[in-house]
Amino acid sequence: MFKKAVEAKSQQRLSGADRKKLKRTVKQKFPTASDSDLDTLLPPKVEITVAKFQTRVHVYAVEGGFPVFFDIDGRGSDIFPTVYALWMVPDLLPAFILKGGEVSRYVIGGADLMFPGILVPPEGLPSFAAGETWAVKVPENPAPIAVGSTTMSSDEALKAGLRGKALRITHYYRDLLWESVEGRYVPNAGFLEDVVFGHPSLLSPPSHDGDLTEAACETSIDQQDNTKSDEAEGSSDVNELPSDSSHALTTPNNHDITADDITAGVVDLKLPDNDSPNEPNDQHTLSTSDVDLLLDKCLLQALHTTLKDNKDLPIPGSTLWSNHVLPCRPSGITLDIKKSSHKKLSKWLQAKASSGLISVKEDKHKKEVVLFSVNRKHADYSSFKPEKRPVEKPDQSSVQSVNETRSSKTLEVAEIYKPSVHVNPIFSSVGADTGKLYTASEATDIVFAYVEKENLVKPTNKSLVILDATLCDALFKGAIKKGTTYPTEIHKKDIGQTFVNRMQPHHVVTRGNESVVRKGALKTIQIMTERRQGNKKVTKLSGMESFLIDGEALASELQKKFACSTTVGELPGKKGQEVLVQGGVIDDLGRHLVEQYGVPKRFIEVLDKTKR
């Protein structure tokens, strides 16, 4: 990303509105970041500048300081923190740990990170999805050296045998973005550079800019394992740095650094500690493994006692957490997902799904994991004995009010798929029901089960699947123009989405205890304002049936809320009802549907014909 020098087209200060927008984008992209973390990276009383490059890249920096974020396409959809920012907030991103210093030399030379160069922890590869932002660290040191996006999910990586590219590096230590701030004030930047990485001259990048191949990576690991460090000469291998910041300050003999400088460096390298000694902390005695065990125990307790398949499923992860998992925690214990090894609720649920206890799916629009089913035959579920104790519940008054409005407010929408004539042979071959509805992940598992059954993985390249006649017809028959040669193989990361696209899309809408499954994509709600005789405005609302909203009840509610006349009629020439509201209440009506009925904004179409 920053290997070649490119001149900035313009550089300007961010306005107050743009500054707030940037902060919202960062908070949405990195939900684990606290308000204090954001204030550290984007200080409230300091100007923020943006540099726009010809490559559409936007770089956001603290004025007179260092760059903190960069946006690849300039639209705010693909924003990354810089290495500088990660030094200030090391836990902003999840991180892959490298196997050794030889691997780190390739990474800071501009090569992408391969799976053989990653140190897999004893509990297994962490759960992640394709396109997630991850950092790169060396063993026993909290300071990241690079940042990038994952090329495949953890499930795909395991199916590929942990081979191939893991992380596409977008920014790394000492690339042109790093060097661009040279000469500007960066607090202890030069000192930290020496402390974290050793003398700069000992870390000259390799001569090539290509990706780190698996063979080279494995060879470098072997070489690193057989190489002894020479402390007298000031070895610069990144993985040899001590874990404690106070010990990381041992300087080479050719550096003349005073004790005050060393103390200043400690401040910058120390990991943030948000716990005040004067404030009570219920979890100060719980280790990460203890929190993990407590999470699993609360989940199993909830699955046994409060979560019912027919009534509650599917259920969003946030609802599962607040309504089922938290009430099952022991009395007086604060359960914080950030204190666990997973750090995020979505990653914890995906880890449980990988073990086979539950099945989940990520809602890309809401950016939330949804729990679809529970494997009540799983060994962990069968061996767990739920405790007979009173479950923590919210106040009775609030429970009553929530139950009264649940049917009208709680809305859940999920995409499901039905096997078509194209893919029916695949389902029949593995013994799956062709009349059942499947989630995208379940359908992907079906096609990979067929690949495993027929042994279609290419022996010379485990990331490719050889297409036999049945699989080729299922994926491409009728989709390729006549005269075009059919493909003979397909990449593993593409086979799942291609297979799902060949199925019939459906959607399930759930509101309270009412649920309906319909074919095709979910239709939107239309809100339109137009003028009638006498220059009076009227607002029309249609399409609410798709979201299980009763037109008569809605009209009565709007009549009281807006103090105006409302009527309900049949749509001319179409099925469904239309609610007419006297007055131009188009914005208030849309806001009411979002807040009171939970309708996502993307499913509401607004047209104001009164504006010229």
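The basis for the numbers below is simple: all heavy atoms, side chains too, and nothing from hydrogens, waters or symmetry mates. Residue numbers start at 1 and run along the sequence shown. Since the model is a prediction, treat every value here as computed from it, not as a measurement.
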### Task
Kindly say whether Val147 contributes a backbone atom to a donor-acceptor pair with the side chain of Thr170 at under 3.5 angstrom?
yes

### Message
Between Asp37 and Ser34, do the side chains contain a donor N or O and an acceptor N or O under 3.5 Å apart?
### Response
yes

### Message
Given 3.5 Å as the limit, does a donor-acceptor pair link the side chain of Gln596 with the main chain of Leu593, or not?
### Response
no

### Task
Inspect the contact between Lys23 and Asp39 and indicate whether a charged nitrogen and a carboxylate oxygen are less than 4.0 angstrom apart.
yes

### Message
Any donor-acceptor pair under 3.5 Å linking the side-chain atoms of Glu368 with those of Ser346?
### Response
no

### Query
Roughly how far apart are Leu607 CG and Thr529 OG1, rounded to 0.5 Å?
8.5 Å

### Query
Salt bridge between Lys165 and Asp112, side-chain N to carboxylate O under 4.0 Å?
yes

### Message
Could you check whether any side-chain N or O of Thr150 sits under 3.5 Å from a backbone N or O of Ala129, counting only pairs where one atom can act as donor and the other as acceptor?
### Response
yes

### Task
For Arg591, check salt bridge (charged side-chain N to carboxylate O under 4.0 Å, His left out) against everything at least two apart and list the hits.
Asp588

#### Entry: Side chain to side chain, Trp321 and Leu349, heavy atoms closer than 4.5 Å
no

#### Entry: Centroid-centroid under 6.0 Å between Phe547 and Phe603 rings
yes

### Task
For atom CD of Gln28, decide whether the heavy atoms of other residues, nucleotides or ligands shown that lie under 6.0 angstrom number more than 12.
no

### Task
Kindly compute the distance separating CE (Met152) from CZ (Phe128), expressed to the nearest 0.5 Å.
8.0 Å

### Task
Could you tell me which non-hydrogen atom of His507 sits nearest to which non-hydrogen atom of Gly520, and how far apart they are?
ND1-O, 2.8 Å

### Message
Can you confirm whether the side chains of Gln526 and Thr524 place a donor and an acceptor under 3.5 Å from each other?
### Response
yes

#### Entry: Pairwise side-chain contact, Leu119 with Leu98, heavy-atom cut-off 4.5 Å (strictly under)
no

### Task
Measure from the side-chain N and O atoms of Asp175 to the backbone N and O of Tyr172, and report whether any donor-acceptor pair falls under 3.5 Å.
yes

### Query
Is there a donor-acceptor contact under 3.5 Å linking the side chains of Trp348 and Gln350?
no

### Task
Check salt bridge (charged side-chain N to carboxylate O under 4.0 Å, His left out) between Asp445 and all other residues, then give those that pass, not counting sequence neighbours.
Lys159

### Query
For atom NZ of Lys20, is the number of surrounding heavy atoms from other residues, nucleotides or ligands below 6.0 Å larger than 12?
no

### Task
Taking atom types as modelled, find out whether Asp608 and Thr610 have a side-chain donor-acceptor pair closer than 3.5 angstrom.
yes

## Note on the structure
d(Ser104 OG, Asn141 CG) to nearest 0.5 Å is 11.0 Å

### Query
How far apart are the closest heavy atoms of Leu464 and His491, and which atoms are they?
CD2-CA, 3.8 Å

### Query
Do Phe30 and Phe80 have their ring centres less than 6.0 Å from each other?
no

### Query
In Å, rounded to the nearest 0.5 Å, how long is the span from CG of Leu93 to CD of Glu132?
10.5 Å

### Message
If you count heavy atoms of other groups shown closer than 6.0 angstrom to NZ of Lys27, is the number above 12?
### Response
yes

### Query
Taking the side chain from Lys361 and the backbone from Val369, do they hold a donor-acceptor pair closer than 3.5 Å?
no

### Message
So, using side-chain hydrogen bond (donor to acceptor under 3.5 Å, both in side chains) as the criterion, who are the partners of His342 when residues are at least two apart?
### Response
none

### Query
How are the rings of His592 and Tyr597 set relative to one another: parallel (under 30°), tilted (30 to 60°) or perpendicular (over 60°)?
perpendicular

### Task
Quick one: pull up OG in Ser463 and CG in Asp494 and give me the separation to the nearest 0.5 Å.
10.0 Å

### Summary
Minimal heavy-atom distance between Lys137 and Asp91, with the atoms involved, is NZ-OD1, 4.0 Å

### Query
When you measure from the side chain of Ser149 to the backbone N and O of Gly131, does any donor-acceptor pair fall under 3.5 Å?
no

### Message
Check whether Trp87 reaches the backbone of Pro144 with its side chain - one donor and one acceptor, N or O, closer than 3.5 Å.
### Response
yes

### Message
With a 6.0 Å cut-off on the ring centroids, do His171 and Phe70 count as close?
### Response
yes

### Query
Looking only at atom types and distance, does a side-chain atom of Asp292 sit under 3.5 Å from a main-chain N or O of Ser341, one as donor and one as acceptor?
yes

### Task
Kindly compute the distance separating OG (Ser354) from CG (Asp155), expressed to the nearest 0.5 Å.
4.5 Å

### Query
Side-chain contact, heavy-atom cut-off 4.5 Å: Lys492 with Val465?
yes

### Task
Test salt bridge (charged side-chain N to carboxylate O under 4.0 Å, His left out) on Lys523 and Glu605 and set out the steps.
CA-CA 10 Å; Lys523 296 182 179 179; Glu605 291 185 4; over 6 Å; no

### Query
How close do Leu299 and Val325 get, heavy atom to heavy atom, and via which atoms?
CD1-CG2, 4.3 Å

### Query
Can you name the closest pair of heavy atoms from Pro142 and Pro90 and give their distance?
O-CB, 3.5 Å

### Query
Does a side chain donor of either Asn501 or Thr498 reach within less than 3.5 Å of an acceptor in the other side chain?
no

### Task
Check Ile118 against Ala166 and note the closest heavy-atom contact, atom names and distance.
CD1-CB, 3.6 Å

### Message
So if I apply the side-chain contact (heavy atoms from CB on, under 4.5 Å) rule between Phe372 and each of Thr439, Val360, Ile315, which one comes out positive?
### Response
Thr439

